[in-house]
Amino acid sequence: MIGILITVSLRSKYIVNRLQESDARRAKVLHNIEYTNKMATLGRLSASVAHEINNPLAIINEKAGLINDIASYEPEFPKKDKIIALVDSITSSVERCSRVTHRLLGFGRRMEFRKEQIDMESLINDVLDFQKSEAAHRNIRVNVNTEANLQTIQSDKGQLQQVFLNLINNAYNALDKDGKIDINIRHPNTNEIEVTITDNGVGIAKKDLIHIFEPFFSTKGESGTGLGLSITKDIVEKLGGVISVTSEEGRGTCFIVNLPIERVE
Ligand SMILES: Nc1ncnc2c1ncn2[C@@H]1O[C@H](COP(=O)(O)OP(=O)(O)OP(=O)(O)O)[C@@H](O)[C@H]1O
Ligand SMILES: [Mg+2]
């Protein structure tokens, strides 16, 4: 009798475990579908919406500039300082909108992929050159470690620059003065190249980690559009690769990008 009870209890435990596993798998698949749908919608809408918004934005910017000029140069302009401060805040909101529309326009345009042989080490060094002065100014150390006999890969240079620019920018944003970024480039197997970007910055809270690749998710308030990582993930996957992340709050973050040496269509 006891034997039967133990068997039944073990069996139901096993079934519960299997159900939990399958629930988790289903949740993950649903999450991926939701992400893919969001990206497809974003891709379709982005270019046209950005175009539509750019014209009125330019007009708002121009008119705000005129109000600013009138208020500044008219000696007796009433509430001059208040008006100038209000116009400044209009201009900075317009700037933010145009940052978003520029990213979206870039995203909409990015349909065609070009193939060429790429030396990953020099691509990463080119990207780092963009941020050279910021690194020096904030005393951030950047190390690039490369495996000996690294092969070139066949991929799209412009798109990959965009990927690593986004990831390295995020790492800079996460760092305080005197922070550190380690970039490792290696072949985990004969078909792939792997680039890891590790920072010792603020890290990502567990509750945020599942959202960071979603369009418009940002913890940077006014200064972030939340499009960097969703665009990055989209490019990496279109190039046949995979991007993953590990992070610990307060300790730092590591993004891992795996790309095929040769793109298989
Ligand atoms: N290296 C990192 N360290 C800590 N948090 C990160 C890091 N990379 C990304 N994140 C988190 O992921 C969020 C989404 O990143 P994403 O690049 O998509 O947008 P963003 O950086 O906020 O805005 P944008 O890229 O437009 O400037 C960030 O707001 C931040 O919370
Ligand atoms: Mg970013």
Side-chain angles (χ1 to χ4, degrees), residues 31-32 34-36 38-39 41-43 45-47 49-50 53-54 57 92-110 124 127-128 130-131 134-135 138 140-144 158-184 194-238 241-258:
H31 188 263
N32 282 345
E34 195 189 336
Y35 170 79
T36 312
K38 268 191 187 171
M39 288 312 288
T41 314
L42 187 64
L45 286 178
S46 56
V49 170
I53 290 174
N54 263 353
L57 267 187
S92 67
S93 293
V94 167
E95 250 167 46
R96 175 170 165 73
C97 288
S98 39
R99 262 208 317 276
V100 174
T101 57
H102 270 100
R103 286 214 121 164
L104 289 174
L105 274 175
F107 182 69
R109 243 185 258 122
R110 206 172 11 80
I124 295 283
V127 173
L128 287 171
F130 291 129
Q131 284 122 329
E134 189 181 347
R138 291 171 55 202
I140 288 171
R141 277 169 301 142
V142 184
N143 297 312
V144 183
Q159 305 294 333
L160 284 180
Q161 281 176 336
Q162 174 82 65
V163 162
F164 292 109
L165 192 64
N166 286 344
L167 294 176
I168 293 169
N169 257 333
N170 280 346
Y172 273 99
N173 292 157
L175 288 172
D176 265 341
K177 212 172 150 284
D178 303 326
K180 184 163 81 98
I181 303 175
D182 281 314
I183 302 177
N184 278 292
E194 182 180 274
V195 183
T196 55
I197 298 168
T198 312
D199 66 68
N200 64 349
V202 287
I204 304 170
K206 258 212 175 83
K207 67 172 176 45
D208 293 338
L209 207 52
I210 53 163
H211 298 297
I212 59 169
F213 291 106
E214 290 169 9
F216 301 113
F217 177 85
S218 177
T219 55
K220 297 178 189 166
E222 287 293 292
S223 63
T225 65
L227 285 171
L229 281 180
S230 63
I231 290 173
T232 298
K233 182 174 157 76
D234 193 58
I235 298 176
V236 169
E237 288 176 356
K238 286 214 173 97
V242 179
I243 181 166
S244 59
V245 60
T246 56
S247 185
E248 211 180 313
E249 234 182 326
R251 301 201 76 132
T253 302
C254 174
F255 280 93
I256 307 162
V257 178
N258 283 75

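Just follow the structure's listing: the first ligand is 1, and inside any ligand the first atom is 1.
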Trainee: Nearest heavy atom to atom 22 (O) of ligand 1 wins, so pick from Ser218, Ser223, Pro215.
Mentor: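 Comparing heavy atoms across Ser218, Ser223, Pro215, the nearest one to atom 22 (O) of ligand 1 lies in Ser218.
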Trainee: Side-chain contact, heavy-atom cut-off 4.5 Å: Ile168 with Ile183?
Mentor: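 A side-chain contact exists here, since the closest heavy-atom pair is under 4.5 Å.
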Trainee: Before signing off on this row, confirm whether Phe255 and ligand 1 have an N or O atom pair separated by under 3.5 Å.
Mentor: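 So ligand 1 has no N or O lying under 3.5 Å from an N or O of Phe255.
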Trainee: To the nearest 0.5 angstrom, please state how far the CG atom of Asn170 sits from the NZ atom of Lys220.
Mentor: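 Output value for this atom pair is 4.0 Å.
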Trainee: Which atoms of ligand 1 are found less than 4.0 Å from any heavy atom of Ala174?
Mentor: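 Close to Ala174: 2 (C), 3 (N), 4 (C).
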Trainee: First locate atom CG of Asp234, then atom CZ of Phe213, and finally report the distance between them rounded to the nearest 0.5 Å.
Mentor: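 Nearest 0.5 Å value for the CG-CZ distance: 12.0 Å.
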Trainee: Of the protein's non-hydrogen atoms, which lies at the shortest distance from atom 19 (O) of ligand 1, and what is that distance?
Mentor: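 Among all protein heavy atoms, the one nearest atom 19 (O) of ligand 1 is Gly226 CA, 3.3 Å.
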Trainee: Write down the atom of Ser230, the atom of Gly226, and the distance for their closest heavy-atom approach.
Mentor: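 The pair with the smallest heavy-atom distance is OG-O, 4.2 Å.
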Trainee: Counting heavy atoms only, which of Asn170, Ile204, Ile231 comes nearest to atom 6 (C) of ligand 1?
Mentor: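 Answer by nearest heavy atom: Ile204.
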Trainee: For atom 13 (C) of ligand 1, what's the nearest protein heavy-atom neighbour? Residue, atom name and distance, please.
Mentor: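 Residue, atom and distance for the closest contact: Phe217 O, 4.0 Å.
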Trainee: side-chain contact (heavy atoms from CB on, under 4.5 Å) with Thr253: which of Val245, Leu209, Ile197?
Mentor: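 Checked Val245, Leu209, Ile197 against Thr253; only one passes side-chain contact (heavy atoms from CB on, under 4.5 Å): Val245.
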Trainee: Out of Ile212, Asn173, Asn166, Val100, whose heavy atom is nearest to atom 11 (C) of ligand 1?
Mentor: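 Nearest heavy atom to atom 11 (C) of ligand 1 lies in Ile212.
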Trainee: Quick check on Arg138: does its CZ atom have over 12 non-hydrogen neighbours (other residues, nucleotides or ligands) under 6.0 Å away?
Mentor: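 Correct, the count exceeds 12.
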Trainee: Quick one: which ligand 1 atoms are inside 4.0 Å of a heavy atom on Thr225?
Mentor: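 This gives 23 (O), 24 (P), 26 (O) as the contact atoms.
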Trainee: Only one of Asp182, Asp178, Asp176 clears salt bridge (Lys or Arg N to Asp or Glu O under 4.0 Å) with Lys180; which?
Mentor: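 Of the listed residues Asp182, Asp178, Asp176, the salt bridge (Lys or Arg N to Asp or Glu O under 4.0 Å) partner of Lys180 is Asp182.
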Trainee: Provide, to 0.1 Å, the distance between atom 24 (P) of ligand 1 and the closest protein heavy atom, together with that atom's residue and name.
Mentor: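 For atom 24 (P) of ligand 1, the nearest protein heavy atom comes out as Arg103 NH1, 3.3 Å.
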Trainee: For the side chain of Ser247 and the backbone of Gly252, is there at least one donor-acceptor N/O pair under 3.5 Å apart?
Mentor: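 Present.
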Trainee: As an exercise, state the distance from OG1 of Thr101 to CG of Leu57, rounded to the nearest 0.5 Å.
Mentor: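 Taking OG1 in Thr101 and CG in Leu57, the distance rounds to 6.0 Å.
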Trainee: Is the distance from the Mg ion (ligand 2) to the nearest N/O/S atom of Ser218 under 2.8 Å?
Mentor: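 It does not: Ser218 brings no N, O or S atom closer than 2.8 Å to the Mg ion (ligand 2).
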Trainee: Which is closest to atom 2 (C) of ligand 1 by heavy-atom distance: Asp199, Leu167, Val202, Thr219?
Mentor: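 Answer by nearest heavy atom: Asp199.
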Trainee: Identify the two heavy atoms, one from Arg99 and one from Glu222, that lie closest to each other, and give their separation to 0.1 Å.
Mentor: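 Nearest heavy atoms, Arg99 then Glu222: NH2-O, 3.2 Å.
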Trainee: Distance to 0.1 Å, residue and atom name: give those for the protein heavy atom nearest to atom 20 (P) of ligand 1.
Mentor: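 Result: Lys220 NZ, 3.7 Å.
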Trainee: In the protein, what heavy atom is nearest to atom 18 (O) of ligand 1, and what distance, to one decimal place, separates them?
Mentor: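 Minimum-distance protein heavy atom for atom 18 (O) of ligand 1 reads Leu229 N, 2.8 Å.
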Trainee: Is it the side chain, the backbone, both or neither of Phe213 that has a heavy atom closer than 4.0 Å to ligand 1?
Mentor: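 Under 4.0 Å from ligand 1, Phe213 contributes no heavy atoms.
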Trainee: For atom 27 (O) of ligand 1, find the nearest protein heavy atom and state the residue, atom name and distance (0.1 Å precision).
Mentor: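 Residue, atom and distance for the closest contact: Gly224 CA, 3.9 Å.
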